[in-house]
Protein chains: 2
Amino acid sequence: MPRRARGVYPWWHGRFRGFGHRITLGREAILDVLIKANKHLSAEDIYMKVHSVYPSVGLTTVYRTLEILVKLGIIYKFDFGDGRARYEIVKDPKGVDHHHHLICSNCNRVIDYTEFIDDEVELFKRTEEGLAKKYDFKITNHLIQFYGLCKECSGKNKGF
Amino acid sequence: MPRRARGVYPWWHGRFRGFGHRITLGREAILDVLIKANKHLSAEDIYMKVHSVYPSVGLTTVYRTLEILVKLGIIYKFDFGDGRARYEIVKDPKGVDHHHHLICSNCNRVIDYTEFIDDEVELFKRTEEGLAKKYDFKITNHLIQFYGLCKECSGKNKGF
DNA sequence: TTGTTAATGGAAACCATATTCAATAAGGAG
DNA sequence: CTCCTTATTGAATATGGTTTCCATTAACAA
Ligand SMILES: [Mn+2]
Ligand SMILES: [Mn+2]
Ligand SMILES: [Zn+2]
Ligand SMILES: [Zn+2]
């Protein structure tokens with residue numbers, strides 16, 4: 001039963017407690033994995049990592065915790081099309097780390113990119129305004145993903 | 001056992017046969033539903049419609065046929081985030097009917113839009129070139145979806 | 001018409017995620 | 001620090017869309 005040095009709390013504790021959630025060992029471990037991994041992890045990925053340190057934490061708790069974290073805007077949830085959700089820590093709550101993904105159709109590798117996001121944001125602002133007006137639709141967020149072949153798979157790709 | 005008027009074949013027969021697939025009653029019925037529906041149908045949607053005319057066609061065949069149709073580029077497959085895939089006929093194989101989707105987070109209504117696609121295409125051309133160069137990634141297609149609240153759900157939406 | 005073999009459907013398997021429920025522990029009150 | 005309330009937990013089970021199995025059927029080339 002590890003005990004935290006008094007007064008030292010991760011940034012997300014506030015938001016977490018603010019919404020009436022309790023801070024538990026499992027939840028800390030899960031967040032810790034997300035923060036350190038800095039990649040796109042599946043629930044199972046997270047479960048295995050957490051489990052290696054705290055074998056008592058179950059997969060169910062991982063799913064439940066991830067759900068809360070998404071709701072609180074602490075992590076992103078993505079679907080890269082391989083049948084399982086992926087989770088990624090939100091580095092900057094103000095949206096400065098806004099990025100999109102390049103997804104390899106062959107090896108499922110995922111590349112973050114932020115290049116051209118400025119142009120993109122500008123176009124989307126116009127598009128969103130136009131669409132909002134024309135269809136009376138209130139756009140709250142968007143999903144952009146490029147699919148193709150990564151460096152490794154590009155050369156000797158096995159069809160498909 | 002209906003028999004088609006001699007010599008009259010839908011446009012997709014050629015591509016279908018060209019890839020070594022047989023034209024069966026079930027497959028024709030499925031394509032027929034997709035063509036006439038002109039909407040975003042789930043496998044179950046299609047199954048029920050087909051089933052009402054040809055009760056002998058099973059759900060398995062629907063799934064198998066849809067898989068082939070996607071592979072041949074005759075239909076699109078989308079994931080709008082409600083846990084089931086949606087299928088939509090490709091009207092123009094040359095990509096002139098290229099469009100994206102507005103998805104209501106509340107009622108799951110889906111709106112096709114083609115507005116601003118020109119600007120978008122232009123931006124994407126630049127983006128794709130840049131990304132392809134920087135990451136050595138061969139982009140073959142993209143996915144763009146806007147999420148938000150539709151006209152009906154915008155006013156009196158029940159939280160979420 | 002016939003023979004080869006792709007296609008079929010019904011049942012069962014799959015698999016990520018959700019739910020149930022009795023046991024546990026976080027954390028506010030005292 | 002101790003107690004008490006109740007959110008949280010893990011294990012088992014359920015869920016639901018999609019896939020696989022396999023014996024039967026039917027498309028279509030010859
Ligand atoms: Mn990312
Ligand atoms: Mn569409
Ligand atoms: Zn790859
Ligand atoms: Zn709606």
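The structure displayed is predicted, hence computed values, not measured ones. Proteins come first, then strands; the chains are lettered A, B, ... in the order of their sequence lines, and each starts at number 1.
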Have a look at [X] and say if it touches a base, only the backbone sugar-phosphate, or nothing, with a 4.0 Å heavy-atom cut-off.
| X | value |
| --- | --- |
| A:R27 | sugar-phosphate |
| A:S56 | sugar-phosphate |
| A:R22 | base |

Using a cut-off of less than 4.0 Å, is there contact between a side-chain N or O of [X] and OP1 or OP2 of [N]?
| X | N | result |
| --- | --- | --- |
| B:Y63 | D:dT19 | no |
| B:R17 | D:dC28 | yes |
| A:H21 | D:dA7 | no |
| B:T24 | C:dT8 | yes |

Provide, to the nearest angstrom, the distance between the [atom1] atom belonging to [X] and the [atom2] atom belonging to [N].
| X | N | atom1 | atom2 | value |
| --- | --- | --- | --- | --- |
| A:R64 | C:dA18 | CZ | C1' | 10 Å |
| A:E67 | D:dT9 | CD | P | 12 Å |
| A:F19 | D:dA7 | CZ | C1' | 17 Å |
| B:I30 | C:dA7 | CD1 | P | 13 Å |
| A:L59 | D:dT13 | CG | P | 16 Å |
| A:L25 | D:dT8 | CG | C1' | 13 Å |
| A:E28 | D:dT8 | CD | P | 14 Å |
| B:K77 | D:dT18 | NZ | P | 7 Å |

Given D:dT8, C:dT20, C:dA16, which nucleotide is nearest the side-chain atoms of A:R84? C:dA16

Proximal nucleotide (of D:dA29, C:dT17, D:dA11) relative to the A:T60 side chain: D:dA11

With a 3.5 Å cut-off and no angle check, do the side chains of A:E88 and A:H99 form a donor-acceptor pair? yes

Tell me whether [X] contacts the main-chain N or O of [Y] through its side chain, where contact means a donor paired with an acceptor under 3.5 Å.
| X | Y | value |
| --- | --- | --- |
| B:S52 | B:K49 | yes |
| B:R27 | B:T65 | no |
| B:T140 | A:Y147 | yes |

Charged N-O contact under 4.0 Å between A:R86 and A:D45: yes

By nearest-nucleotide position on DNA chain C, the 5'-leaning member of B:P55 and B:F16 is B:F16

